[in-house]
Amino acid sequence: MEKVITIERHILEQQKQHPSATGVLTSILYDIALAGKVIARETTRAALADILGLTGRFNVQGEEVAKLDQYANAAIVRLNQYTGRLAVMASEEIAEIIPIPDEFPTGRYVLVFDPLDGSSNIDYSVSIGTIFSILRRKSPDGTRGTLEDCLQPGREIVAAGYILYGPSTMMIYSAGHGVHGFTLDQTVGEFLLTHPNIRIPAKPKYYSVNQGYERYWAPEIQAYTRELQARDLSLRYIGSLVADFHRNLLSGGIFYYPADTRDPKTPHGKLRLLYEAAPLAFLAEQAGGAASDGTQPILDIQPTKLHQRTPLFIGNRELVELAEGFIRHERP
Ligand code: P6P
């Protein structure tokens, strides 16, 4: 029988490679895996639990908050705030940083997350996902965490990943030593290792962009898209970042959400740096790929605001670099 490796065992084995590791990071990844199981249970029965639909509230992004968004956010906060492992959290759903309540001790790590990305797809049973990023605090141990603890460039990421709620529930993570995928076995309630050491295939299959906005793109992006088509890439775009990223991670391809002139409120594109682009960029680089805002690696960007947005080109390195070339007006 194949060795059955749970996510707990895998993280512990990874941790053994680092004598200095205290096991706290391992425990944080356990906590996130548990939150994923709790959220997965709700996403699979959303319609039945009458949890479907919207709350009538709007989040800091001005987007209507679906009940499942709220549920996922609360699950992650509640399962992490009391452990003494975190100094502070930040969520796509919450305007300001999420301090650790005074009755709980603070720890040395920071958790930044999008509790349920792609949530507009909830009602149509399209795959959605949780995206997370773990950093070390910069502020003094024993004090309440700060905004600056959250505003760190992606190069400072210690671990990152996502949970994909689709036909199967998967957790993909990296702690800086490769990208590893686990599939939730509902019968035992465990994430089991199914995709060790994921590498982006050298030959890309897909390009993923919302071509409905083409008329709002800069001419260089339109030309870049023509070049991708000339290379016989198929278009696959689900409109759910985690699902689009996951497919390209396993099949090879490029996802891009460029700056466009469509919405004056988002001149830099729709996606957020801290808890969407940066964690996925960390994974992409760990899997042999790349991620850029069109001019620089995503992981090099120093955030200045919690919810700042960025253009994103992510996937096969050669296609990311090709995009950067088109943006510099260099043609292949
Ligand atoms: P558009 C979902 O709302 C999301 O933030 C990402 O998951 C997804 O990639 C993107 O927006 C889709 O945006 O403008 O193409 O519908």
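Nothing here was measured: the structure is a model prediction, and the numbers come from that model. Whatever order the structure lists them in is the order used to number ligands and atoms, beginning at 1. We're numbering straight along the sequence, starting at 1.
Counting protein heavy atoms only, atom 3 (O) of ligand 1 is closest to Lys270 NZ, 3.5 Å. Of the protein's non-hydrogen atoms, Tyr237 OH, 3.3 Å is the one closest to atom 12 (C) of ligand 1. Distance from atom 14 (O) of ligand 1 to its nearest protein heavy atom, with residue and atom name: Tyr257 OH, 2.6 Å. From the protein, the heavy atom lying nearest to atom 2 (C) of ligand 1 is Gly118 CA, 3.5 Å.
Here is the list of ligand 1 atoms found below 4.0 Å of a heavy atom in Ser240: 7 (O). Short contacts between ligand 1 and Asn210, defined as distances under 4.0 Å to a heavy atom of the residue, involve ligand atoms 1 (P), 15 (O).
Using a 4.5 Å heavy-atom threshold, the side chains of Thr146 and Lys138 count as separate.
Here's the thing with Glu276: none of its N/O atoms is less than 3.5 angstrom from an N/O atom of ligand 1. Here's the thing with Asp117: one of its N/O atoms is less than 3.5 angstrom from an N/O atom of ligand 1.
The ring of Phe182 has its center no closer than 6.0 angstrom to the ring center of His195. For Tyr256 and Tyr224, the ring centers are positioned less than 6.0 Å apart.
Annotation: salt bridge (charged side-chain N to carboxylate O under 4.0 Å, His left out) contacts of Asp114 (sequence neighbours excluded): none.
Evaluation of the salt bridge (Lys or Arg N to Asp or Glu O under 4.0 Å) test over residues 74-96, restricted to residues two or more places apart or in two chains, returns Asp31-Arg85, Glu92-Arg272.
Assignment of Asp244 to the shell around ligand 1 is not supported, since no heavy atom sits closer than 4.0 Å.
Under a 3.5 Å cut-off, the side chain of Asp293 and the backbone N or O of Gln296 do form a donor-acceptor pair.
Taking the centre and axis of the six-membered ring of Tyr207, the NZ or CZ atom of Arg236 falls outside the cone set by 45° and 6.0 Å.
By the criterion of a heavy-atom distance under 4.0 Å, both the backbone and the side chain of Leu241 are placed next to ligand 1.
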